[in-house]
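Notes follow once the structure below has been shown.
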Amino acid sequence: MVRLPSKGGAVDDLPDHDPYPPLAANSTLAQDSQPFGPGSFWYPVGPGRVCIYAPNSVLPCYTLVGPGGAPGGPALDPAAIAASVAERLTLSPGRIHTSPRATGLTGAAAWFWLDPAPRSEELTVSLAGETVTVTAEPSGVEWRFGDGMDLSGGPGRPYRPGPPPADAVLHVYETRCLPGDHGRNPYVLGSCGSTGYPLEAMVVWQISFSATGPIDASGTLPTRTTGVSTPYRVSEARGFLVAGGSR
C-alpha cells in the first residue's frame, strides 16, 4: 500500500498498483504500433487511456500524457484495429499437386492444382465495445512454372481423364530439367534448378473489414500475397533411327 496525506491531515491508503499509470505519448513504447510483438496493438478504453492487445495475453493499460501533462492519445480507429487483426490471418495457399506426379514430359500437358484450395478466412475481435471483423477472400492464383512462363488463374482442378475443364491449370514444358542437368547440360534453361524447375503458386487475397459499436465503419485493406513452391522435374522423350528392315 502507498500512504498519502489527505487535505484534512488524515492518511489515506491507496493501492500500490495504478491500473492506468502515466505513459508519455512520445515515448518509444507509445509510438510502437506493435508494443508486444507481432499481432499486438494499442486500443483505447476511454479519454486518454489505452491498453495493449495481444492474443491470449493480459497486458497493461496506460494513461497517455502529453508535453503539458494533459491526457492525450489516439481516437478509436477501426481501420487500424482491422489492419492489426489482418496480420493474424493464416492465409494458407494450400499445397501444390501435379500430374504427372513425379516427373513431367516435354511436349505433353502437365496438370497443376492446389489442395486444399485456398478459402476465405475471417477473424473477429471485440475491444472497448467495438467489434471488428476482418475477412480475406482469395481472388486469384499466379502460377509460375519455372521455365519463364506464368499463368494467372485459379487454384486449378485435380487431374481426371478426358477433356480438361475450363478452370484446369495446364502447362506444356518444351525443355527438360532433371537433377544433374543444372550446370552440366548446356541445352537446359538457366532457370532449371538442381532438383527441377522451381514451380510456384502465388495466391492474392482481397481483405475487407466491418466494425460496429461506438463507431460503425467498413472498408478495404491492402491486398496480401502468400505462396507455396515445389521443385518439378521434367524429362523428355527421344526418338532414335534403328537400322533394319521394316515390318
Side-chain angles (χ1 to χ4, degrees), residues 1-7 10-94 116 118-138 203-228:
M1 304 292 288
V2 177
R3 301 177 66 83
L4 297 176
S6 66
K7 291 182 179 180
V11 175
D12 296 331
D13 290 335
L14 299 177
D16 58 4
H17 173 65
D18 183 353
Y20 296 99
L23 177 67
N26 60 356
S27 65
T28 301
L29 178 62
Q31 295 295 314
D32 190 347
S33 61
Q34 296 184 327
F36 201 69
S40 66
F41 54 86
W42 293 99
Y43 66 96
V45 293
R49 289 179 172 177
V50 293
C51 297
I52 300 174
Y53 172 84
N56 305 316
S57 301
V58 178
L59 298 173
C61 300
Y62 298 93
T63 298
L64 291 178
V65 293
L76 186 65
D77 187 348
I81 295 176
S84 297
V85 172
E87 293 297 323
R88 296 173 51 197
L89 296 171
T90 58
L91 304 185
S92 174
R119 61 189 62 186
S120 62
E121 297 185 19
E122 183 177 286
L123 187 60
T124 299
V125 169
S126 295
L127 299 170
E130 188 80 6
T131 299
V132 179
T133 299
V134 178
T135 303
E137 295 281 353
V203 181
V204 179
W205 302 83
Q206 302 288 340
I207 305 177
S208 60
F209 74 92
S210 62
T212 58
I215 299 177
D216 291 340
S218 63
T220 59
L221 298 173
T223 60
R224 289 176 58 187
T225 301
T226 58
V228 61

Calculate, to the nearest 0.5 Å, the distance between atoms [atom1] and [atom2] belonging to [X] and [Y] respectively.
X      : Y      : atom1 : atom2 : value
Trp42  : Asp32  : CH2   : CG    : 8.5 Å
Asp216 : Glu130 : CG    : CD    : 7.0 Å
Ile81  : Ser126 : CD1   : OG    : 10.0 Å

Specify the closest pair of heavy atoms between [X] and [Y], including all atoms of both residues, with the distance to one decimal.
X     : Y      : result
Gln31 : Asn26  : NE2-CA, 3.7 Å
Ser92 : Pro118 : O-CB, 3.7 Å
Cys61 : Pro21  : O-CD, 3.3 Å
Ala79 : Leu221 : O-CD2, 4.2 Å
Tyr53 : Leu59  : C-CD1, 4.2 Å
Ala25 : Leu64  : CA-CD2, 4.3 Å

Any donor and acceptor pair, going by atom type alone, linking the side chain of [X] with main-chain N or O of [Y] inside 3.5 Å?
X      : Y      : value
Glu87  : Pro38  : no
Arg224 : Ala86  : yes
Thr63  : Tyr20  : yes
Gln206 : Glu137 : no

Please walk me through it: do Phe209 and Val85 pass side-chain contact (heavy atoms from CB on, under 4.5 Å)? CA-CA 10 Å; Phe209 74 92; Val85 172; over 6 Å; no
Take atom CZ in Arg119; do more than 12 heavy atoms of anything else shown fall under 6.0 Å from it?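 Incorrect, the count does not exceed 12.
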Does the side chain of Thr124 come under 3.5 Å of the side chain of Thr133 through a donor N or O and an acceptor N or O?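 A donor-acceptor contact under 3.5 Å links the two side chains.
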Go through it in stages, so that I can follow the logic: the residues are Leu89 and Trp205, the test is side-chain contact (heavy atoms from CB on, under 4.5 Å), and I'd like the CA-CA distance, side-chain angles, deciding distance and then a yes or no. CA-CA 11 Å; Leu89 296 171; Trp205 302 83; over 6 Å; no
side-chain contact (heavy atoms from CB on, under 4.5 Å), that's the test. Do Phe41 and Val50 meet it? Break it down for me. CA-CA 10 Å; Phe41 54 86; Val50 293; over 6 Å; no
